[in-house]
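Per chain, numbering begins at 1; letters A, B, ... match sequence-line order.
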Protein chains: 2
Amino acid sequence: MRIGELASQAGVSVRSLRYYEEQGLLSSTRSASGQRRYTDKEVERVRFIQRLYAAGLSSRTIAEVLPCVESPSEKTSDEAFERLVQERERIDRHMRELGRAREALDLLIDANRAHRGLTACVSPV
Amino acid sequence: MRIGELASQAGVSVRSLRYYEEQGLLSSTRSASGQRRYTDKEVERVRFIQRLYAAGLSSRTIAEVLPCVESPSEKTSDEAFERLVQERERIDRHMRELGRAREALDLLIDANRAHRGLTACVSPV
DNA sequence: CTCGCGTCTGACGTCAATGTCAGGGTCCAG
DNA sequence: CTGGACCCTGACATTGACGTCAGACGCGAG
């Protein structure tokens, strides 16, 4: 498939796909005229990349751990694997931090509800 | 206290404090010579602001919900309260997304471990 | 008084992922 | 074979929360 179709199937912009390639996250074959061609499995790969971006990994970090994704069947470099574990822990910490923020907001929400109409105080959604 | 001390007590840079003031998140009284003066309670306020930043809120959003923080005792605007609830939900969604990413990384980690030295496969830390 | 550190304002630099535009080829349906 | 939709490269623009620097003033110790 061409880049436009991959973009729409994976839910990202064409610009982003070219950027991913520039960053070494995605590769493509080229047609005779120089247009990028992709196979179906690239769709999943792009979605996975997006997931890592959403988890806060940078392009460089994603590039570092990609060997572990592409060929978990062979012994990937210690650095790549170490990075993978580090990022997992970073996500863990981030989640705990978010949990604390959510807790703080919950307190605020309750405090404010108590001084508003007292509507739907403890009513579950 | 002056800005430098607030910065060190709250664990942020002087630059950040001036930025917060510029964004309407923090206020200060001024000495005769124009230097900013803060009270002790600003320390907590700055820490709280940091927590919201860490949770992914923007300056503008923080400014919107701050009325709920300062005076939960009086009926704050519907918009501010609504925003508070929205942000809580956004954090929730973000946490779930992070959870999925962590899960994906866990699968990768296991797959890679299986093809490495097979060291410490299931050993707890 | 002065030395050195803190503070002031204002402005430009940064970084990363992406938007956007220009100027030019490609491809296919009609 | 032509028009419109798609693609190419290259480059500049954007956004947000700061970093950093310049030039000037404030302040307390010695």
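Distances were taken from every side-chain heavy atom of B/R18 (C-beta onward) to each of C/dT9, C/dT18, C/dC27; the shortest belongs to C/dT9. Of the candidates C/dT18, D/dC8, C/dC8, the closest approach to any side-chain atom of A/Y53 belongs to C/dT18. Taking only side-chain atoms of A/Q50, from C-beta outward, the nucleotide of D/dG26, C/dT18, D/dA17 with the closest atom is C/dT18. Of the candidates D/dG19, D/dC6, C/dG19, D/dC6 carries the atom nearest the A/R2 side chain, counting heavy atoms from C-beta on.
Between A/E21 and A/R18 there is no salt bridge, since none of the side-chain N atoms of the basic residue sits less than 4.0 Å from a carboxylate O of the acidic one.
The nearest whole Å value for the distance from the CD atom in A/E21 to the P atom in D/dC7 is 14 Å. In this structure, B/R37 places its CZ atom 14 Å from P of C/dG6, rounding to the nearest Å. Summarising the geometry, the separation between CD1 on A/I3 and C1' on D/dA5 is reported as 15 Å, rounded to the nearest angstrom. Look at CD on A/E5: it is 14 Å from C1' on D/dA5, rounded to the nearest Å. Atom CG of B/L17 is separated from atom P of D/dC18 by 10 Å (rounded to the nearest Å). Nucleotide C/dT18 holds its P atom 10 Å from the CG atom of A/L25, rounded to whole Å. The interatomic distance linking B/Y38 (OH) with C/dG6 (C1') rounds to 13 Å, in whole Å. Atom CD of A/E22 and atom P of C/dG19 are 14 Å apart (whole Å).
Each of B/S58 and B/Q35 was assigned the nucleotide of DNA chain D with the nearest heavy atom; the assignment lying further toward the 5' end belongs to B/S58.
Here the side chain of B/R36 pairs no donor or acceptor atom with the backbone of B/S27 at under 3.5 angstrom. In terms of modelled atom types and a separation under 3.5 Å, the side chain of B/R45 and the main chain of B/L25 share a donor-acceptor contact.
Within the 4.0 Å cut-off from OP1 or OP2 of C/dT7, not a single side-chain nitrogen or oxygen of B/R36 is found. Contact annotation: A/S59 side-chain N/O to C/dA17 OP1/OP2 distance is under 4.0 Å. Phosphate contact (OP1/OP2 of D/dC18, side-chain N/O of B/Y20, threshold under 4.0 Å): present. The side chain of A/R30 contributes an N or O atom lying less than 4.0 Å from OP1 or OP2 of D/dT9. Checking the phosphate oxygens (OP1, OP2) of C/dT7, no side-chain nitrogen or oxygen of B/S33 falls inside 4.0 Å. Taking side-chain N and O atoms only, B/S31 has no distance below 4.0 Å to OP1 or OP2 of D/dG26. The side chain of B/Y19 places an N or O atom within less than 4.0 Å of a non-bridging phosphate oxygen (OP1 or OP2) of D/dA17.
Within the 4.5 Å cutoff, the side chain of B/S59 has heavy atoms near those of the B/Y53 side chain.
Enclosure of atom CD in A/Q86 by more than 12 non-hydrogen atoms of other residues, nucleotides or ligands within 6.0 angstrom is indicated.
With hydrogens and angles left out, the side-chain atoms of A/Y20 and A/Q50 include a donor and acceptor closer than 3.5 Å.
For A/R15 against C/dT20, a side-chain-to-base donor-acceptor contact under 3.5 Å is present.
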